[in-house]
Amino acid sequence: MLWIARRELASIFSTALGWLVLTGFLLITGVFWVFGVDDYAMAVAGGVYNPYDIAGLNITNNLLLPFFGNCTVIVLMVTPALSMRLFSEEIKGHTLELLLTSPVSTGQIVLGKFLGAVGFLAVLLLCTAHIPISLYWIAEPDPGVLVGGYLALLLLGSAVLAMGMCFSAYTGNQVVALTVTFSMALALYVISFSETDPESFVNKVSVSTHVIDLIRGAVRTTDLAYFTAFIGFFLFATHQRLESFRWR
Amino acid sequence: MIQVEQLSKTYGPARAIEKLSFEVEKGEIVGFLGPNGAGKSTTMRILAGALGATSGRARIGGIDVFEQPKRVKAMVGYLPERPPLYTEMTVRAFLRFCAHIKGAKDPARAVERSIERVGLKEVANRYIDHLSKGYRQRVGIAQAIVHDPAVLILDEPASGLDPAQRVEIRKLVRELAEGATTVILSTHVLPEVEAICGRVIIIDRGVIRKVAPVDSLTSATGVSLEVQRPSQALLDALAAVDGVTEVADRGGGHVELACARDVREEVARVAVDAGLLRMGPTGGLEDVFLRLTGHEGEA
């Protein structure tokens, strides 16, 4: 299984797409960070004339939190591009047959490929780590936010990857998988935006409500359970799809 | 080594294979022969574990293919019709990956051994994407033998290869069988079967037509003739040849003779007299090609 994951990770790095995603991700997060710092600096500068305006201003709430919030949107955008090829390429290149006729279980194939993609996501996120960590030189932001923020990004990304992998296995077509995955992920993200009742069903299924709690540094069992169930469901669906190949 | 009993597979309403039963002994090379769409690939995919069967049983090394697929897959090497290759990898990296997921005992050595055996040494560090079709096919075979399987299932191993490469593949398959590997290979190239297989299973539209040693099939037990317009006079003349037991006009100019002994010489004489003889060059085109490209005598 680890060999499948390892091959997957290496394969992402050997394609132009992998590097494109990496570059794009770093570029956009960097730009968001620069804008964030700029806004924060302006606010602080404004405080010179009116100290009451910036009474509640702090680096955790006004710089780090918005940064992670922006990152969730970027993760949402780039992960479907990673997941779209996971199985469609295996089907197109006839390499799925190699995996299916090797002495590994279907579960190991699915998990291996998923872990490979998550590994790449982890690399992506690690590459941005210098940004929030640099803050610790000049201030003392809440470390809970740092940990929660990265956990949220990793879980959100993994969830989208699992969903995308599933669509990739079902459609066998990269473009269709990309479109469907991105639309679904976006829909699940924005569905709760106009919802005011925190106990409503919409709020419970929406990805963003669970992500926001985590970013604030509040790691709750319900949020973790949500993502575990989300990922588990799509891994299982992918597994069933692969099993069906034997019976067609 | 391989036992297949009453194996059937249907795709929706379409029947791919129907109640196939055959056995293959250890160290045998068996050729699956049949036109395209006869069910050769389906049977092989079922044996390799890529496909389930609708009914019937298949055992490899005494282990049921459907009940313990993992154990069976560990001892089967399979080359599908289109070699499954991760083209963004180098040959060596790809084979290393295969050795690991197929559970080869000493992966590093297994990789080098299969590279050596299939003749991939000079391209071992090149990307598969940059290789010619012949080399890709070889990588496909290397992938199938990397974990030293007891059974090798090769679906059209020589397709897309030039005659010299075909000869090499034949040699390799023969060597493997000498080392007690059981081989099933499919092809629709008849000379290939003659050259390497001990037995053939002829399959057509999902049904086995004949299972027999190659020698018994190639020695003359009948003669078939292509005649433009078989006249009754010709048929009578053929029937009169000593040794011919039956003359059958199959229509479309196809005449088949059943005979008790080799009657080709007499039949040829009758054909010449009837003005029906056609002549071709001595030796096949394959022989000529091999001679010109310097691989003579390897076949």
Side-chain angles (χ1 to χ4, degrees), chain A residues 1-21 82 85-117 119-120 169 172 174 239-248, chain B residues 9-12 14 16 41-42 44-54 65-66 68-90 93-104 107 127-129 136 139-140 143-144 146-147 149 153 155:
Chain A
M1 186 180 78
L2 286 179
W3 272 90
I4 297 178
R6 195 175 139 175
R7 197 209 67 77
E8 191 58 47
L9 187 59
S11 137
I12 299 175
F13 275 113
S14 71
T15 58
L17 182 78
W19 292 102
L20 210 67
V21 166
L82 289 177
R85 43 172 290 289
L86 284 175
F87 275 105
S88 53
E89 215 167 69
E90 301 266 357
I91 296 168
K92 215 180 83 198
H94 303 279
T95 44
L96 190 60
E97 206 149 15
L98 173 69
L99 299 178
L100 290 179
T101 56
S102 295
V104 288
S105 66
T106 311
Q108 285 174 313
I109 298 174
V110 173
L111 221 54
K113 297 211 57 118
F114 175 67
L115 288 180
F120 185 77
Q174 300 202 8
H239 177 274
Q240 294 308 95
R241 174 61 174 174
L242 291 195
E243 281 291 309
S244 84
F245 278 113
R246 289 188 216 273
W247 302 106
R248 287 200 304 171
Chain B
K9 171 76 188 171
T10 49
Y11 295 103
S41 292
T42 302
M44 298 180 118
R45 292 185 65 203
I46 291 174
L47 288 176
L51 200 65
T54 311
V65 172
F66 308 117
Q68 293 180 288
K70 249 180 154 175
R71 278 183 66 195
V72 170
K73 286 174 193 172
M75 54 190 217
V76 172
Y78 172 54
L79 171 70
E81 214 167 337
R82 291 189 222 187
L85 307 171
Y86 291 107
T87 52
E88 78 276 6
M89 297 174 96
T90 64
F94 172 70
L95 291 176
R96 197 181 307 137
F97 169 70
C98 293
H100 278 279
I101 63 164
K102 284 162 184 270
Y127 287 102
I128 296 175
D129 211 11
R136 284 181 189 212
V139 178
Q143 159 280 127
V146 73
H147 56 308
I153 300 175
D155 201 348

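The analysis underlying the following values was restricted to heavy atoms, covering all of them including side chains, and did not include hydrogens, waters or symmetry mates. A, B, ... follow the sequence lines: proteins, then strands. Residue 1 opens every chain.
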Do B/P80 and A/H94 come within less than 4.5 Å of each other through their side chains, counting heavy atoms only?
-> no
Student check: side-chain heavy atoms of B/F94 and A/L98 closer than 4.5 Å | yes
Among B/Q143, B/R96, B/M75, B/R82, the residue with the most heavy-atom pairs under 4.5 Å to chain A is B/R82
Quick one: of B/A144, B/G52, B/A74, B/P83, who has the most non-hydrogen atom pairs under 4.5 Å with chain A?
-> B/G52
Among residues two or more places apart or on two chains, list those pairs meeting salt bridge (Lys or Arg N to Asp or Glu O under 4.0 Å) that have a residue in residues 93-115 of chain A.
-> A/E8-A/K113, A/E90-A/K113, A/E97-B/R45
Structural part of [X] lying under 4.5 Å from a heavy atom of chain A:
| X | result |
| --- | --- |
| B/M89 | side chain |
| B/A53 | backbone |
| B/E81 | neither |

Mind listing the closest non-hydrogen atom pair of [X] and [Y] along with its distance?
| X | Y | answer |
| --- | --- | --- |
| B/E88 | A/S14 | CG-OG, 3.1 Å |
| A/S102 | B/K73 | O-CD, 3.3 Å |
| B/F97 | A/W3 | CE1-O, 3.6 Å |
| A/T95 | B/L85 | CG2-O, 3.3 Å |

Rounded to the nearest 0.5 Å, how far apart are CE of A/M1 and CD1 of B/I101?
-> 13.5 Å
Partner chain B: residue of A/T15, A/T101, A/L96, A/V104 with the largest heavy-atom pair count (under 4.5 Å) | A/T101
Answer yes or no: does atom OH of B/Y127 have more than 12 heavy-atom neighbours from other residues, nucleotides or ligands under 6.0 Å?
-> no
Proximal component of A/I4, with respect to chain B [non-hydrogen, under 4.5 Å] | both
